[in-house]
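Counting convention: from 1, in listed order, for ligands and their atoms alike. Bear in mind the structure is a predicted one, so any value in this text is a computation, not a measurement.
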Amino acid sequence: PKSSISSSSIFHSSCFYSLMANSNGSTTNNNNDLKPKFLKVYYDLKSDLLNDPSYEFTDDARDWVDKMLDYNVPGGKVNRGLSVVDSFRLLKGDEMSEEEIFLASTLGWCIEWLQACFLVLDDIMDGAHTRRGQPCWFRVEKVGMIAVNDGLLLRNHIPRILKKYFRQKVYYLDLLELFNEVEFQTASGQMLDLITTIEGEKDLSKYTLPVHRHIVQYKTAYYSFYLPVACALLLSGEKLENHINVKNILIEMGTYFQVQDDYLDCFGPPEVIGKIGTDIEDFKCSWLVVQALELVNDDQKKILYENYGKADSGCVEKVKRLYKVLDLEGVFSEYERNSYAKLTSSIETHPSKAVQAVLRSFLAKIYKRQ
Ligand code: GRG
Ligand code: NA
């Protein structure tokens, strides 16, 4: 089943990458050489896993895992992974030791491992064809449904990495619980997304604001926005239960980010968003259709029900025209202004200047997309 939530969620659009690029086209990174250092850590972690003393690899087994990891783990934008290092640097307030850079990078890669697991499994569920500019892993010759098992392996690599480098830390249990919790939230969000789009039961009346919000928060905001900062907090010796507020703020930012993604799918110029949106044709549970359903009169509702989810340019045009009539552009700018103002004021009330800096850095990245 195709995922119902608009396009592909958080950190997806190529414009997110471009907003992180400065005028020279290079990636903005206050601590100049953090990204190369981060990228190198992948090879250390892969080598640890391939030489795991508790498993006797055959040459073929080692070779498979090696290729599977290279195919699925690096090669994305690594926004989530790098966010751990960036956030930790802001929390520390000064230079990080080489050891600290390594540990922060390792936690960042654990998130990228989780991401790889999600992508491998999600592409199977979606029947997708390409991912990161190459065939989906399960489409690769000889892989097929072995990809399901590879997804499980990717997930199981995370506690092995954590055990090797964090076993002695006082926050070890908190880290394990954090990853377990976030995995549960993501899989639950994925489930809701899947069951609202069961083939043959497609029904616009299931698309409501609370459902949209629930899917976005569980399926993407926890692992994409909260998890990187939670890892950085644990690494700085903070207790997560003292940061419920930080969690709420990040979940709110993740929600806004997805709403913006939904909005741009329809209203963003293709040359800016790097793709031609197809949320309307694909019957996605986009923020736009959910807002439209709130605002329509009976005649307009009929137009929506008759034209949404049809792969026909005339139908798509009718839906877009209705969005204009309902002034969804205005509704979006209003939502954007409100959420920015709310987030800014919650950030200001936070007692720690360092935590404020972390939250502001996320805010600056996501509210500057256009
Ligand atoms: C782990 C047991 C278990 C179940 C997981 C598969 C699943 C249940 C959930 C997956 C839902 C999910 C998060 C799908 C991926 C969403 C997606 C396409 C994200 C794209 O993120 P980007 O743009 O990608 O950051 P890159 O390529 O940059 O990493
Ligand atoms: Na990424």
Any N/O pair Asp122/ligand 1 closer than 3.5 Å: no
Between Lys37 and Glu98, does any NZ, NE, NH1 or NH2 come within less than 4.0 Å of an OD or OE carboxylate oxygen? yes
Below a 4.0 angstrom heavy-atom separation, can you tell me which part of Cys117, side chain or backbone, both or neither, approaches ligand 1? side chain
With a 4.0 Å cut-off on heavy atoms, does Met125 reach ligand 1? yes
With sequence neighbours left out, what residues match Lys302 under salt bridge (charged side-chain N to carboxylate O under 4.0 Å, His left out)? Glu306
Taking the side chain as every heavy atom from C-beta outward, state whether Phe267 and Leu288 have any pair of such atoms under 4.5 Å apart. yes
Output a table of donor-acceptor pairs, distance under 3.5 Å, between side-chain atoms of residues 66-74 and any protein atom two or more places apart or on a different chain; print 'none' if there are none.
from	atom 1	to	atom 2	distance (Å)
Asp66	OD1	Lys46	NZ	2.7
Lys67	NZ	Asp63	OD2	2.8
Asp70	OD1	Tyr42	OH	2.6
Asp70	OD1	Lys46	NZ	3.1
Asp70	OD2	Lys46	NZ	3.1
Tyr71	OH	Pro135	O	2.6
Asn72	ND2	Met68	O	3.0

Ion pair check, Arg337 and Glu334, cut-off under 4.0 Å: yes
Note: heavy atom closest to atom 15 (C) of ligand 1, options Val73, Leu121, Leu119, belongs to Leu119
Between Asp265 and Lys284, is the closest basic N to carboxylate O distance under 4.0 Å? no
Atoms of ligand 1 under 4.0 Å from any heavy atom of Arg131, numbered from 1 in the order shown, are 18 (C)
The answer for which part of Leu114 has a heavy atom under 4.0 Å from ligand 1 is neither
Check ligand 1 against Arg132 and write out every atom of the ligand that is under 4.0 Å from a heavy-atom position of the residue. 26 (P), 27 (O), 29 (O)
Nearest 0.5 Å, please: how far is CD in Glu183 from CZ in Arg155? 4.0 Å
Does ligand 1 have an atom under 4.0 Å from some heavy atom of Gln115? yes
For ligand 1, which part of Gln190 has a heavy atom less than 4.0 Å away: the side chain, the backbone, both, or neither? side chain
Should the pair Tyr55 and Phe57 be assigned to parallel (<30°), tilted (30 to 60°) or perpendicular (>60°) ring geometry? perpendicular
To which of Glu112, Met191, Glu183 does the heavy atom nearest atom 3 (C) of ligand 1 belong? Glu183
For Thr220 and ligand 1, does the shortest N/O to N/O distance drop below 3.5 Å? no
Heavy atom of Asn79 under 4.0 Å from ligand 1? no
Check this for me - ligand 1, Arg80, N or O atoms closer than 3.5 angstrom, yes or no? yes
Does Lys35 pair with Asp33 as a salt bridge, N-O distance under 4.0 Å? no
